[in-house]
Amino acid sequence: MKLVDVVGRLPHASNATVLARDEDGTAWVYKPERGEQPLWDFPWRSLAAREVLTYETSEAMGLGLVPETVLVDGPFGRGSAQRFLDEDMEFDPRPMFASGGLDVRLWPFAVLDIVTNNADRKVGHLLKERGSDRLWAIDNGLTFHPEPKLRTVLWGFAGRPIPEDLVAALRALMATTDLFDRIAELLSPIESEQTKQRLGSLLDDPVHPAPPDDRPAVPWPVW
């Protein structure tokens, strides 16, 4: 896939994020590596690969939570390209976070975030596609860090057993050795090994972990 036309920049993004089209006219959200803001804890120009690996992890688990995301050599150099979603702008996710507990439809997102060690799962990263009840997870760049980094708005599942169908998805992922090779290739062997260890620990005790007390547990802003 080749991006050939930049439509314009998408607002309210901390990193360079543009809408682009491929040769067939399909729209993609393109994030060039050189437009990333440097971070103290994630290597510069690595977020595009992390976006792609989160998509590949979701697919390997059979979850289908992340829009198709690939590495491209676009108009502004190498970066990630995620298929553009026709977002339902009338969708309000707040009822899914009611005081009585999280909506069970959020379980797959919570489990994916544990596996990928997502350091930035905000409410606004969960989108609904127009004309469908399907939910999607976007902005998955702060993932796969070798140190514990999970920061999420989904701590409402803490201490609860992971549903059996998602445990089965975790088992399937553990058997997908190609993914761990891919993490080592795009990031580093240590990030691959730590992902495998997180997955193994989760399979040994398939319960959503408790929030940490030695670091911020929730991203800010939460939206």
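Small disclaimer: the values here were computed from a predicted structure and weren't measured.
Residues Glu191 and Lys196 are not paired through a salt bridge, judged by the lack of any N-O separation under 4.0 Å between the basic side chain and the carboxylate. Salt bridge Glu51/Lys31: present, at least one basic N to carboxylate O contact under 4.0 Å. The residues Asp41 and Lys149 are annotated as salt-bridged, a charged nitrogen and a carboxylate oxygen being separated by less than 4.0 angstrom. Salt bridge Glu164/Arg171: present, at least one basic N to carboxylate O contact under 4.0 Å. Between Arg134 and Glu129, none of the side-chain N atoms (NZ, or NE/NH1/NH2) sits under 4.0 Å from a carboxylate O, so this pair counts as no salt bridge. Between Asp5 and Arg21 there is no salt bridge, since no side-chain N of the basic residue sits under 4.0 Å from a carboxylate O of the acidic one. Taking the charged nitrogens against the carboxylate oxygens, Glu87 and Arg130 have no contact shorter than 4.0 Å, which rules out a salt bridge.
The side-chain heavy atoms of Pro209 and Ile114, taken from C-beta on, include a pair separated by under 4.5 Å. Considering only heavy atoms from C-beta on, Leu173 comes within 4.5 Å of Leu199 through its side chain. Counting heavy atoms from C-beta on, the side chains of Arg50 and Leu142 never come closer than 4.5 Å. Arg215 has its side chain within reach of Arg151: a pair of non-hydrogen atoms, C-beta onward, lies under 4.5 Å apart. Between Val66 and Gln82 the shortest side-chain heavy-atom distance falls below 4.5 Å. Side-chain contact between Glu68 and Trp28 is present, with heavy atoms from C-beta onward closer than 4.5 Å. With a 4.5 Å cut-off on side-chain heavy atoms, Pro75 and Tyr30 count as touching. Using a 4.5 Å heavy-atom cutoff, the side chains of Phe91 and Met96 are in contact.
Within a 6.0 Å sphere centred on CD1 of Ile190, heavy atoms belonging to other residues, nucleotides or ligands number 12 at most.
Here the shortest heavy-atom pairing between Leu63 and Pro108 reads CD1-O, 4.1 Å. Contact between Ser80 and Ala48 at its shortest, heavy atoms only, is N-CB, 3.5 Å. Residue Leu187 comes nearest to Ser46 through the heavy atom pair CD2-O, 4.2 Å, listed as atom of the first residue, atom of the second, then distance. Across all non-hydrogen atoms, the minimal contact from Arg121 to Asp139 is NH1-O, 4.4 Å.
Using modelled atom types, one finds no donor on one side chain facing an acceptor on the other under 3.5 Å when comparing Trp44 with Glu36. In summary, the side chains of Thr195 and Arg198 do present a donor paired with an acceptor at a separation below 3.5 Å, with no hydrogens or angles considered.
Here the CG atom belonging to Leu126 is positioned 6.5 Å from the CG atom belonging to Leu106, to the nearest 0.5 angstrom. Separation of atoms CG (Asp204) and CD (Gln197) is listed at 11.0 Å; rounding is to 0.5 Å. Of the inter-residue distances, the one linking Thr143 atom OG1 with Tyr55 atom OH reads 15.5 Å to the nearest 0.5 angstrom. Taking OG1 of Thr116 as the start and CZ of Phe144 as the end, the distance is 5.5 Å to the nearest 0.5 Å. Between atom CG of residue Leu85 and atom CH2 of residue Trp136 there is a gap of 6.5 Å, rounded to the nearest 0.5 Å. Annotation: the span from Ser58 atom OG to Leu53 atom CG amounts to 12.5 Å, rounded to 0.5 Å.
Criterion: ILVMFWY side-chain heavy atoms under 4.5 Å apart, direct or through other members. Under it, Phe97 and Leu150 are part of a common hydrophobic cluster. One hydrophobic cluster holds both Leu112 and Leu170 under the rule that ILVMFWY side chains link at heavy-atom gaps under 4.5 Å. Met61 and Leu203 fall within a single hydrophobic cluster, where Ile, Leu, Val, Met, Phe, Trp and Tyr side chains are chained together by heavy-atom contacts under 4.5 Å. Linking ILVMFWY side-chain heavy atoms closer than 4.5 Å, directly or via other members, places Val207 and Leu166 in two distinct hydrophobic clusters. Under the 4.5 Å side-chain contact rule for hydrophobic residues, Val111 and Met174 share a cluster.
With Asp113 as reference, Asn118 is the one residue of Asn118, Leu65, Thr54 to meet the side chain to side chain contact (heavy atoms under 4.5 Å, CB included) rule. None of Leu71, Thr57, Leu47 except one satisfies the side chain to side chain contact (heavy atoms under 4.5 Å, CB included) rule with Val52; the exception is Leu71.
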Criterion side-chain contact (heavy atoms from CB on, under 4.5 Å) on Asp133 and Lys128, from CA distance to verdict: CA-CA 7 Å; Asp133 288 331; Lys128 180 177 175 292; 3.8 Å; yes
Could you walk me through whether Leu202 and Val167 pass the side-chain contact (heavy atoms from CB on, under 4.5 Å) check? CA-CA 9 Å; Leu202 200 56; Val167 175; over 6 Å; no
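Looking only at distances, no side-chain donor or acceptor of Ser188 sits under 3.5 Å from a matching main-chain atom of Ala184. With hydrogens and angles ignored, the 3.5 Å screen pairs no side-chain donor or acceptor of Asp22 with any backbone N or O of Ala27. Using a distance-only test at 3.5 Å, with no hydrogens or angles considered, a donor-acceptor pair links the side chain of Thr176 to the main chain of Ala172. For Thr69 (side chain) and Pro67 (main-chain N/O), a donor-acceptor pair under 3.5 Å exists by modelled atom type. The main-chain N or O of Glu90 is found under 3.5 Å from a side-chain atom of Asp88 such that the two form a donor-acceptor pair.
Under the rule for a ring-ring contact (aromatic ring centres under 6.0 Å, His included), Phe76 has no partner lying at least two apart in sequence or in another chain. With sequence neighbours excluded, no residue forms a salt bridge (Lys or Arg N to Asp or Glu O under 4.0 Å) with Asp181.
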Distance-only donor-acceptor pairs under 3.5 Å for side chains of residues 152-161, two or more places apart:
unit_1	atom_1	unit_2	atom_2	d
Thr152	OG1	Leu154	N	2.9
Trp155	NE1	Thr152	O	3.2
Trp155	NE1	Ala217	O	2.6

